[in-house]
Peer 1: 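Quick one: the structure is below, questions incoming.
Just follow the structure's listing: the first ligand is 1, and inside any ligand the first atom is 1.
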Amino acid sequence: MIIDNQECQELKPLMERKAIYPGSFDPITNGHVDIIQRGKKIFDKIIVGVLDNPKKTPLFSTQERVELIRKTFEGDPSVDVMSFDGLLVDFARRNKVNVVIRGLRAISDFEYEFQMALMNRKLASDIETLFMMPSLKYSFLSSNLVKEVFQLGGCIKDLVPPLVEEALKKKFMNSKK
Ligand code: ADP
């Protein structure tokens, strides 16, 4: 079958390679940004899924976490941000995506991530988990550590996007009032 150029253009959107990058993102750090940038080299679209988990009490509300990621990737059509609750595999199916990206920092992440990936495979064998490693300089970084360091007065400048640092300042100023 010969496909001419115009037909090829029309087929392109149908073949868009998408992946979901799920997490708490409370808040987004440069480690998360690093993984999204790496994911973009492989996929046309990264859907960042912000978990709305009623069991956790995050510092930032779901909407605030979504907004911080949206603003970080403002103007980048290859990154979509949405919140979800319930099972990750259901969220993936609703969005017709069959690849889930997870970041792997150190060995400490491995056991939990391994369990989750295999459980998700059990629930939906058509969905694959892809692990990606961040740059070494972010491999010690977590949202929790950023919040702790910030609260204790440490510098987090190179660890989060500038707008996240601003949001943390506001959050902790308001909580002191
Ligand atoms: P979760 O509660 O799902 O672990 P997080 O926001 O902590 O949510 O992390 C989301 C994903 O990003 C996870 O796969 C986690 O391993 C990964 N991740 C978090 N911080 C980093 C980092 N500094 N470098 C690479 N991956 C990271």
Side-chain angles (χ1 to χ4, degrees), residues 18-43 45-73 76 78-92 95 97-124 127-151 154-165 167-168 171:
K18 294 187 200 173
I20 282 178
Y21 179 36
S24 308
F25 304 101
D26 184 37
I28 185 167
T29 69
N30 285 348
H32 295 123
V33 172
D34 181 288
I35 295 292
I36 295 169
Q37 303 289 18
R38 285 173 202 282
K40 279 172 50 178
K41 292 187 201 161
I42 308 174
F43 298 95
K45 172 94 66 194
I46 305 290
I47 300 175
V48 183
V50 177
L51 182 61
D52 182 8
N53 184 351
K55 279 199 197 144
K56 282 194 182 173
T57 34
L59 177 66
F60 292 97
S61 70
T62 306
Q63 198 46 42
E64 285 172 330
R65 286 178 279 144
V66 165
E67 282 307 316
L68 287 175
I69 307 170
R70 276 199 186 133
K71 283 185 192 146
T72 300
F73 288 94
D76 184 341
S78 56
V79 179
D80 276 355
V81 191
M82 35 183 121
S83 63
F84 74 101
D85 55 11
L87 287 176
L88 171 62
V89 291
D90 292 337
F91 176 59
N95 286 284
V97 177
N98 61 2
V99 180
V100 169
I101 294 177
R102 293 288 287 179
L104 262 194
R105 281 160 293 190
I107 304 168
S108 52
D109 276 337
F110 183 76
E111 196 177 350
Y112 174 72
E113 294 294 339
F114 185 71
Q115 280 182 356
M116 283 298 295
L118 290 182
M119 178 53 80
N120 284 332
R121 184 181 286 166
K122 169 130 189 64
L123 296 171
I127 296 176
E128 285 297 333
T129 304
L130 179 71
F131 292 108
M132 303 196 76
M133 282 186 294
S135 160
L136 191 60
K137 62 180 187 254
Y138 300 131
S139 53
F140 63 94
L141 187 57
S142 71
S143 300
N144 282 342
L145 201 56
V146 162
K147 286 181 281 191
E148 241 176 271
V149 169
F150 184 81
Q151 251 184 314
C155 177
I156 55 161
K157 199 168 165 288
D158 298 328
L159 308 180
V160 294
L163 63 98
V164 171
E165 193 181 354
L168 278 164
K171 194 52 99 179

Peer 1: Is a donor on one side and an acceptor on the other found under 3.5 Å between the side chain of Asp109 and the backbone of Leu104?
Peer 2: no

Peer 1: Spell out, as yes or no, whether a donor-acceptor pair under 3.5 Å connects the side chain of Lys147 to the backbone of Asp26.
Peer 2: yes

Peer 1: Under 4.0 Å, heavy-atom basis, I'd like to know which part of Ile35 is in contact with ligand 1: side chain, backbone, both or neither.
Peer 2: side chain

Peer 1: Measure from atom 23 (N) of ligand 1 to every heavy atom in Val50, Ile28, Val100, Leu141 and give the option owning the shortest one.
Peer 2: Leu141

Peer 1: Under 3.5 Å, side chain of Arg121 to main-chain N/O of Thr129, donor-acceptor pair present?
Peer 2: no

Peer 1: Please confirm whether Pro22 approaches ligand 1 to less than 4.0 Å, judged on its heavy atoms.
Peer 2: yes

Peer 1: Looking only at N/O atoms, are His32 and ligand 1 under 3.5 Å apart anywhere?
Peer 2: yes

Peer 1: Which residue owns the protein heavy atom closest to atom 12 (O) of ligand 1, what's the atom, and how far is it?
Peer 2: Tyr21 OH, 2.6 Å

Peer 1: Is Arg105 reaching over with its side chain to a backbone N or O of Leu141, donor-acceptor style, under 3.5 angstrom?
Peer 2: yes

Peer 1: Please report whether ligand 1 has a polar contact with Gly103, defined as an N or O pair separated by less than 3.5 Å (distance criterion only).
Peer 2: yes

Peer 1: Which bit of Arg105 gets closer than 4.0 Å to ligand 1, counting heavy atoms only: side chain, backbone, both or neither?
Peer 2: side chain

Peer 1: Could you find the nearest protein heavy atom to atom 4 (O) of ligand 1 and give me its residue, atom name and distance?
Peer 2: Arg102 NH2, 3.6 Å

Peer 1: So, 4.0 Å and heavy atoms of Glu113: is ligand 1 close enough to count as a contact?
Peer 2: yes

Peer 1: Is a side-chain donor or acceptor of Arg70 paired with a backbone partner of Val81 at a separation under 3.5 angstrom?
Peer 2: yes

Peer 1: Mind checking what makes ring-ring contact (aromatic ring centres under 6.0 Å, His included) contact with Phe150, not counting sequence neighbours?
Peer 2: Phe172

Peer 1: Is Lys56 near ligand 1, meaning one of its heavy atoms is under 4.0 Å from it?
Peer 2: yes

